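Accompanying notes for the structure given below.
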Amino acid sequence: MQTMRAPRLRFAPSPTGYLHVGGARTALFNWALARRLGGTFILRIEDTDRQRSEQVYVEAILDAMRWLGLDWDEGPDVGGAAGPYFQMERLDLYRRAAEDLLARNLAYRCICPAREDAETSSPVTCSCAARTVSASEGGALRFRTPAEGQVTFLDLIHGDMSFPCADLEDFVLLKADGVPTYNFAAVVDDAGMQITHVVRGDDHLSNTPKQVLIYQALGYETPAFAHIPMILGPDRKRLSKRHGAVSIQQFREDGYLPEALTNYLARLGWAHGDMELFDLEELVAVFSLEGVGKAPAVFDYDKLAWAQAAWLKRLPPQELRDRLLPWFEAAGLPVAVDEPARLEALIQTLVPRSVTLDDLVRQARFYFDVPLDWDEEASGKVLVSAVVPILRALAERLATLADWSPAPIEDAFRTLASELGIKAGAVIQPARVALTGRTASPGMFEVAALLGRDLTLKRLEASLSKVTEGVLQG
RNA sequence: GGCCCCAUGGUCUAGCGGUUAGGACAUCGCCCUUUCAAGGCGGUAACACGGGUUCGAAUCCCGUUGGGGCUACCA
């Protein structure tokens with residue numbers, strides 16, 4: 001029956017916080033399935049929790065969605081573009097549906113006080129269970145759950161589900177202030193928006209029978225459900241801030257690529273054979289709910305880092321350079337915009353040594369004509385007086401080198417070493433510390449070439465005086 | 001407590017009755033090498049347990065254990 005309807009999916013976050021990885025993955029699966037099926041993807045903001053919902057979170061969520069590359073298709077016209085739907089702008093819909101249920105005696109008003117001890121394990125019995133409470137006005141509206149029978153529905157991941165009505169209480173549809181609860185608003189909207197596939201977290205599985213009851217009471221066809229496994233922390237508890245970064249915004253600020261995030265997230269709870277590295281387009285080409293597992297997945301920061309490093313290498317050099325530009329500026333490094341090729345080249349020397357963009361830019365510092373970030377301990381060991389004649393000789397040769405490029409530079413280093421009867425490393429390592437301030441760096445000849453003759457000689461001189469002063473002092 | 005879901009190496013997973021149980025991350029070793037990485041090659045490491053069903057179970061069924069979720073006028 002669902003097959004006759006055009007596929008329509010949605011992601012329905014509530015703006016009570018930033019978009020976290022769990023929500024992002026739910027959004028990703030919905031988006032990927034919608035695209036795969038050639039259907040429609042809708043974004044709906046579930047802002048019915050007036051206490052916790054905030055506008056900044058709405059903006060942050062939209063921002064994160066766009067950054068990840070998850071675009072939505074429809075919604076109220078917002079300056080020419082399709083904005084998301086907001087439940088607080090649709091209160092009439094829920095009230096009308098509520099009145100319908102009330103009129104047909106499928107719901108009733110309840111004036112018993114709100115129960116406050118939800119945390120205690122012992123169930124609180126509401127006097128409404130007697131189903132005789134009624135008040136012409138005020139109070140909350142409760143659904144009249146059938147005393148007997150089974151609620152059944154299809155879950156594309158878990159199979160046919162069946163719950164006894166007797167286990168379900170008379171849940172609230174409308175709060176006393178007229179605002180709908182999650183279960184009610186979600187159903188009215190999913191039905192009204194003709195959603196065909198409800199893909200959401202496993203934590204909603206227990207809510208589904210209640211929702212199916214509402215669909216039936218309202219006379220709507222039920223969609224197919226797909227409850228995807230939760231994402232846990234290393235301690236197998238629900239993933240939260242205490243486990244580390246969890247919001248998409250945080251990962252973005254830390255310098256992760258959206259490609260790495262969507263790639264890694266897709267592989268949490270979903271697999272397609274041995275496929276590990278892929279972009280959104282490649283994901284859409286093969287995505288299916290059949291590949292989604294049932295067991296909860298532990299978020300692995302190490303594997304995310306691996307995916308990130310892999311994407312750093314996968315991105316076209318030019319593209320990576322463009323994305324890095326703002327990071328260089330933020331770091332206060334004097335990027336010469338008229339030397340895009342040089343920038344691109346120096347970035348590439350750092351790609352195999354970096355994970356995040358922030359990480360890469362930090363390591364790029366020595367390539368610029370700014371004070372060196374000296375690793376004093378290392379330089380103290382390497383830049384000793386014995387090294388002075390070596391670096392002095394090296395500087396002389398480099399000063400007159402005809403062609404300033406890696407191969408001739410390497411030749412100069414090696415020739416000098418053999419003439420002095422020492423190992424190449426005995427020249428290279430002191431030079432490395434002199435040019436970069438540390439003992440670990442990209443290839444020395446590439447570094448010198450990118451640094452340019454002037455800066456190279458300047459750094460060599462600076463090191464020589466540094467050693468001399470050190471000797472005088474020591 | 002009640003109800004529900006889940007269970008392959010440390011982690012993400014492939015497997016959909018017959019496989020030397022495959023891949024990836026991590027880890028260990030070797031190679032490459034001017035350092036650090038990256039890369040290449042190789043190693044250690046898993047079917048939670050107990051019963052069935054079957055000629056044959058990681059695969060199907062039932063228990064046990066373990067983990068997760070729901071049980072709000074939160075979503």
Side-chain angles (χ1 to χ4, degrees), chain A residues 12-16 46-53 87 110 112-124 139-142 155 157-158 161 163-164 166-169 171-183 185-186 200-210 227 229-230 232 234 236-238 264 267-277 290-291 293-307 309-310 313 349-354 363 378 382 410 413-414 417 423-429 431-433 436 438-445:
Chain A
S14 54
T16 53
E46 308 212 320
D47 52 356
T48 56
D49 184 338
R50 298 158 102 175
Q51 261 68 44
R52 299 194 298 147
S53 293
Q87 289 188 321
C110 166
C112 56
R115 286 168 286 179
E116 294 166 0
D117 50 346
E119 299 85 52
T120 65
S121 53
S122 61
V124 179
L141 188 73
R142 281 184 189 276
D155 187 294
I157 292 169
H158 297 278
M161 305 297 298
F163 293 77
D167 290 339
L168 273 24
E169 59 170 4
F171 51 93
V172 172
L173 262 20
L174 285 187
K175 305 172 205 169
D177 62 1
V179 175
T181 58
Y182 160 72
N183 283 128
R200 79 227 309 192
D202 245 352
D203 49 340
H204 288 305
L205 192 54
S206 300
N207 281 318
T208 308
K210 296 177 193 167
H227 290 95
M230 310 258 76
L232 312 177
R236 297 220 149 252
K237 299 290 181 197
R238 204 178 187 132
Y264 175 66
R267 285 288 291 103
L268 265 190
W270 175 84
H272 182 71
D274 290 341
M275 200 186 244
E276 291 284 355
L277 252 23
E290 282 174 41
K294 298 177 180 177
V298 173
F299 193 88
D300 184 354
Y301 289 89
D302 282 341
K303 189 155 185 181
L304 200 217
W306 167 78
K313 299 180 187 89
T349 68
L350 295 169
V351 162
R353 293 158 237 270
S354 312
Q363 296 188 73
V382 177
E410 173 165 11
F413 270 79
R414 294 197 187 284
K423 287 196 286 189
V427 179
I428 293 169
Q429 205 54 3
R432 184 188 315 284
V433 175
T436 70
R438 22 209 60 208
T439 52
S441 82
M444 192 70 302
F445 318 125

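Residue numbering restarts at 1 for every chain, and letters A, B, ... go by the order of the sequence lines. Quick caveat, the model's predicted, so the values are computed rather than measured.
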Between the protein and nucleotides 39-45 of chain B, list every N/O to N/O distance that falls short of 3.5 Å.
none

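- Here Ala378(A) pairs with Asp375(A), Thr439(A) under the side chain to side chain contact (heavy atoms under 4.5 Å, CB included) rule; sequence neighbours left out.
- When the P atom of rG10(B) is taken as reference, atom CZ of Arg236(A) falls 11 Å away, rounded to whole Å.
- Scanning for salt bridge (Lys or Arg N to Asp or Glu O under 4.0 Å) contacts around Lys303(A) gives Glu276(A), with sequence neighbours left out.
- In this structure, the salt bridge (Lys or Arg N to Asp or Glu O under 4.0 Å) partners of Asp49(A), at least two apart in sequence or on a different chain, are Arg52(A).
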If you restrict it to nitrogen or oxygen atoms, what contacts under 3.5 Å exist between nucleotides 28-31 of chain B and the protein, and what is each distance?
none

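- A search for salt bridge (Lys or Arg N to Asp or Glu O under 4.0 Å) contacts involving Arg432(A) returns nothing, not counting sequence neighbours.
- Atom CZ in Phe299(A) sits roughly 21 Å away from atom P in rA24(B) (whole-Å rounding).
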Can you name the atoms? Protein N/O to nucleotides 32-34 of chain B N/O, anything below 3.5 Å, with the distance.
residue	atom	partner	partner atom	Å
rU34(B)	OP1	Arg414(A)	NH2	3.1
rU34(B)	O2'	Arg432(A)	NH2	3.4
rU34(B)	O2	Arg432(A)	NH2	2.3

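- Distance, Asp300(A) CG to rU27(B) P: 11 Å, rounded to whole Å.
- Every ring pair (Phe, Tyr, Trp, His ring centres under 6.0 Å) that Tyr264(A) has, sequence neighbours left out, goes to Phe299(A).
- Residue-to-nucleotide contacts include a donor-acceptor pair under 3.5 Å from the side chain of Asn207(A) to the base of rA75(B).
- Residues meeting the side chain to side chain contact (heavy atoms under 4.5 Å, CB included) test with Ala186(A), sequence neighbours left out: Arg44(A), Glu46(A), Tyr182(A), Asp190(A), Gln211(A).
- Remark: Asp203(A) pairs with Met230(A), Arg238(A) by the side chain to side chain contact (heavy atoms under 4.5 Å, CB included) rule, at least two apart or across chains.
- When the nucleotides rA72(B), rA75(B), rC25(B) are ranked by their closest atom to the side chain of Lys303(A), rC25(B) comes out on top.
- Across the P atoms, rA72(B) and rC28(B) are found 49 Å apart, a figure rounded to whole Å.
- Annotation: rA37(B) and rC49(B) have their P atoms spaced 39 Å apart (nearest Å).
- At the phosphate of rC73(B), OP1 or OP2 sits under 4.0 Å from a side-chain N or O atom of Arg142(A).
- Under the rule for a salt bridge (Lys or Arg N to Asp or Glu O under 4.0 Å), Asp302(A) has no partner lying at least two apart in sequence or in another chain.
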### Summary
Whether each nucleotide of nucleotides 2-7 of chain B has a protein heavy atom under 4.0 Å at its base (B), only at its sugar-phosphate (S) or at neither (-) is summarised, 5' to 3', as -SSSSS

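- Here, rC60(B) and rG29(B) have their P atoms 40 Å apart, quoted to the whole Å.
- To the nearest angstrom, P of rC12(B) lies 14 Å from OH of Tyr301(A).
- Taking the nucleotide of RNA chain B with the nearest heavy atom to each of Asp49(A) and Leu232(A), the more 5' of the two is matched to Leu232(A).
- Across rA75(B), rA37(B), rU13(B), the shortest atom-to-atom separation from the side chain of Arg353(A) is found for rA37(B).
- A sub-4.0 Å separation between OP1 or OP2 of rC70(B) and a side-chain N or O of Arg200(A) is absent.
- Between Arg52(A) atom CZ and rA75(B) atom P there is a gap of 8 Å when expressed in whole angstrom units.
- For the OP1/OP2 pair of rA75(B) and a distance below 4.0 Å, the side-chain nitrogens and oxygens of Thr48(A) include at least one atom meeting the criterion.
- Using atom C1' as the reference point in both rC47(B) and rG15(B), the two lie 11 Å apart (nearest Å).
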